[in-house]
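By convention here, the first residue in the shown sequence is residue 1.
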Amino acid sequence: MDTGMTATPPLLHTIPGAVKRISLSRSGIYSEIKAGRLRAVKIGGLTFIAEAELVRYVAELSA
């Protein structure tokens with residue numbers, strides 16, 4: 001049943017969430033962060049990547 005509501009992705013993704021979102025391996029995500037091609041933020045002991053950052057990263061891959 002369609003309720004007319006669409007699921008929106010979270011604003012921030014953990015590393016496992018980012019892996020699922022863009023289908024890049026965990027080590028691939030960390031490599032891209034280390035290389036400066038993917039920006040991440042630390043909150044407490046956790047690393048997060050913003051949804052907008054994932055969208056930007058993927059868009060630049062195809063540019």
Within 6.0 angstrom of Arg26 CZ, more than 12 heavy atoms from elsewhere: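 No, CZ of Arg26 has 12 or fewer neighbouring heavy atoms, counting only those of other groups under 6.0 Å.
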Open item on the list: With a sphere of 6.0 Å drawn around CG of Leu61, does it hold more than 12 non-hydrogen atoms of other residues, nucleotides or ligands?
Closed with: yes
Could you grab the distance from atom [atom1] of [X] to atom [atom2] of [Y], nearest 0.5 Å is fine?
| X | Y | atom1 | atom2 | result |
| --- | --- | --- | --- | --- |
| Leu24 | Leu38 | CG | CG | 8.0 Å |
| Glu32 | Leu54 | CD | CG | 11.5 Å |
| Ile33 | Tyr57 | CD1 | OH | 10.0 Å |

Item to check | Residue list, side chain to side chain donor-acceptor pair (under 3.5 Å) with Ser27, at least two apart or on another chain | outcome: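 Expected list: Ser25.
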Note: with side-chain heavy atoms under 4.5 Å as the link, the other cluster members for Val55 come out as none
Got a sec, which residues hit side chain to side chain contact (heavy atoms under 4.5 Å, CB included) with Ser31, two or more places apart in sequence or on another chain?
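Result, side chain to side chain contact (heavy atoms under 4.5 Å, CB included) vs Ser31: none returned.
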Under 4.5 Å between any side-chain heavy atoms of Thr14 and Val19, yes or no?
no
Item to complete: Could you check Ile49 against Ile15 for side-chain contact (heavy atoms from CB on, under 4.5 Å), going step by step and ending with a plain yes or no?
Response: CA-CA 7 Å; Ile49 302 172; Ile15 297 301; 4.0 Å; yes
The complete set of side-chain hydrogen bond (donor to acceptor under 3.5 Å, both in side chains) pairs with one or both residues in residues 47-56, sequence neighbours excluded, reads His13-Glu51, Arg21-Glu51, Arg39-Glu53, Lys42-Thr47, Glu53-Arg56, Arg56-Glu60
